[in-house]
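Heads up: the structure comes next, in structure tokens.
Residue numbers start from 1 in every chain, and the chains themselves are labelled A, B, ... in the order their sequence lines are given, proteins ahead of strands.
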Number of protein chains: 2
Amino acid sequence: MADSGTQGGETLLFLTDEQLRKGIEAMFFAYRGFTADPDRILEKYAYGRAHHRAIHFINRQPGLTVTTLLSVLGVTKQSLNRVLRTLIEDGLVESRVGRKDKRERHLFLTEKGEALERELSGAQRERMRAAYRAAGPQAVAGFRQVLEAMMDFEMRRHYQMMKDGT
Amino acid sequence: MADSGTQGGETLLFLTDEQLRKGIEAMFFAYRGFTADPDRILEKYAYGRAHHRAIHFINRQPGLTVTTLLSVLGVTKQSLNRVLRTLIEDGLVESRVGRKDKRERHLFLTEKGEALERELSGAQRERMRAAYRAAGPQAVAGFRQVLEAMMDFEMRRHYQMMKDGT
DNA sequence: TTGGAAAGTCAACATCGCTGACATAAAGTC
DNA sequence: GACTTTATGTCAGCGATGTTGACTTTCCAA
């Protein structure tokens, strides 16, 4: 079934159902590894993945507003707020009223927040680095191409934005 | 691109923190896309991702035991059991007592289960196919290489096993 | 025959999504 | 100035899915 699409006469063996299923499983297993190290660290502080994600993107784009973070993370404000409140209470995140628009809150990591960010991203980067090194630069380029093509439009927008600095 | 890395003391530009962070974000955003379509379908049936994963691997390896599925999914038996029970009650999964070892339960999809599996994997494969096609065969090879290198040992074992048929 | 593996179940709990409703402050508009 | 919209925060409740711990039944194997 669907064993080898052809396009312009050529065989596209990499598009078989079997190949696609392997890709699906690779995503599943790899994502587990991807989150495993931070998860272990977060346990120590009684935080979860949601905290990690918030910390990551605040570090990535210091001063971003709550609304922006909301749309990057793709969750509801109630869900984010629960996480953000504990991070602010614990002194990892600072929320500053906007100068131009005083309704906005701009989010920043405190030193303590940056320290945790470094610990988390350090672990995650180490695994990434090992994987990158094992696979080589060409594989890495392909890896990023496929992932990018897999994103929803909205997410790709955020990804592109982040790609070129702030 | 991919003109960056060299081995043996020279600079490995694809291993910079910036490159690694882009990879991390690509994983995050892409995984969201990866699960988006099945999630929408599952809503209709009041199932969740956990049900999807169980269905996927039972379909992948019909007759696998509960213990095997447990270790593939990497969750506790209590967690899996809750999911498995509803799938069996709803007539999507059949649990047969082992012939050799009667303690074991071998899991199979019913026709109804296979129908849902097809609906779910169809959607997921479509996205995968589009991404693969957009990126091309070489990128796909790299994609798989990096993902594989990112897995934990235990998960890679399962992945490899699945790779070569049952 | 006894120890341990496989499976199932009950209870309790935490994280983190969600919806709905509502409040406040500030900005923008007519 | 009155009205509307936007940004944020908060309360309450719910659902899916993960966890630990304790216990039972079944049954293979030494």
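- The pair A:Glu126-A:Arg129 meets the salt-bridge criterion, with a side-chain N (NZ, NE, NH1 or NH2) lying under 4.0 Å from an Asp/Glu carboxylate O.
- For the 3.5 Å distance criterion, the side chains of B:Gln124 and A:Arg21 fail to qualify, holding no donor opposite an acceptor.
- Side-chain N/O atoms of B:Tyr132 and A:Gln145 include no donor and acceptor closer than 3.5 Å.
- Applying the 6.0 Å contact sphere to CD of B:Gln138 captures no more than 12 heavy atoms from other residues, nucleotides or ligands.
- Under 4.0 angstrom from either OP1 or OP2 of D:dT19 there lies at least one side-chain N or O belonging to B:Thr76.
- Spacing between atom CG of A:Asp39 and atom P of C:dC16 amounts to 9 Å, rounded to whole angstrom units.
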Enumerate the protein-to-nucleotides 12-15 of chain D contacts in which both atoms are nitrogen or oxygen and the separation is below 3.5 Å.
none

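- In the model, B:Tyr47 has a side-chain atom that pairs as donor or acceptor with a side-chain atom of B:Asp90 under 3.5 Å.
- Pairing each heavy atom of B:Met128 with each of A:Ile24, the nearest pair is CE-N, 3.5 Å.
- In this model, a donor atom of one side chain and an acceptor atom of the other lie less than 3.5 Å apart for B:Arg144 and B:Tyr159.
- Contact check, A:His51 against C:dC16: a side-chain N or O comes under 4.0 Å of OP1 or OP2.
- Summary of the strand contacts: A:Arg49 and B:Thr68 both lie near DNA chain C, and taking for each the nucleotide with the nearest heavy atom, the more 5' one is attributed to B:Thr68.
- Nearer to the 5' terminus of DNA chain D, by closest-nucleotide assignment, is the contact made by A:Glu104 (compared with the other of B:Gly74 and A:Glu104).
- Look at NE2 on B:His106: it is 16 Å from C1' on C:dG8, rounded to the nearest Å.
- Comment: B:Glu117 does not engage B:Lys112 in a salt bridge, judged by the lack of any side-chain N to carboxylate O separation of less than 4.0 angstrom.
- Side-chain heavy atoms closer than 4.5 Å link hydrophobic residues (I, L, V, M, F, W, Y) into clusters, and following such links, even through other members, never connects A:Phe108 to A:Leu84.
- As rounded to whole Å, 12 Å separates atom P of C:dC16 from atom CD of A:Glu43.
- In this structure, CG of B:Leu80 is placed 12 Å from P of C:dT9, rounded to the nearest angstrom.
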(request) Dot-bracket for DNA chain C, please, read 5' to 3', with Watson-Crick or G-U wobble pairs under 3.5 Å on both distances, ( ) within the strand, [ ] crossing, | other strand, . unpaired. (result) ||||||||||||||||||||||||||||||

(request) Output, in order, the C-alpha distance, side-chain angles, deciding distance and verdict of salt bridge (Lys or Arg N to Asp or Glu O under 4.0 Å) for A:Arg157 and A:Glu154. (result) CA-CA 5 Å; A:Arg157 211 174 56 78; A:Glu154 187 60 10; 3.1 Å; yes

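- Each ring pair (Phe, Tyr, Trp, His ring centres under 6.0 Å) pair with one or both residues in residues 56-92 of chain A, not counting sequence neighbours, appears once here: A:Phe57-B:Phe28, A:Phe57-B:Phe29.
- By the 4.0 Å N-to-carboxylate-O rule, A:Arg32 lies too far from B:Asp152 to be salt-bridged with it.
- DNA chain C lies under 4.0 Å from no heavy atom of any residue of residues 85-96 of chain A.
- Residues forming a salt bridge (charged side-chain N to carboxylate O under 4.0 Å, His left out) with B:Arg96 (at least two apart in sequence, or on another chain): B:Glu94.
- Using a cut-off of 4.0 Å between Lys/Arg side-chain N and Asp/Glu carboxylate O, B:Glu119 and B:Lys44 are scored as salt-bridged.
- Among C:dG8, D:dT17, C:dC16, the nucleotide with an atom closest to any side-chain atom of B:Asn81 is C:dG8.
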Check nucleotides 23-29 of chain C for protein N or O atoms closer than 3.5 Å to its own N or O atoms and list the pairs.
unit_1 : atom_1 : unit_2   : atom_2 : d
C:dA27 : OP1    : A:Lys100 : O      : 3.3
C:dA27 : OP1    : A:Lys102 : N      : 3.2

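- Rounding to whole angstrom units, CG of residue B:Leu70 and P of C:dA5 are separated by 15 Å.
- When the P atom of C:dC16 is taken as reference, atom NE2 of A:His52 falls 12 Å away, rounded to whole Å.
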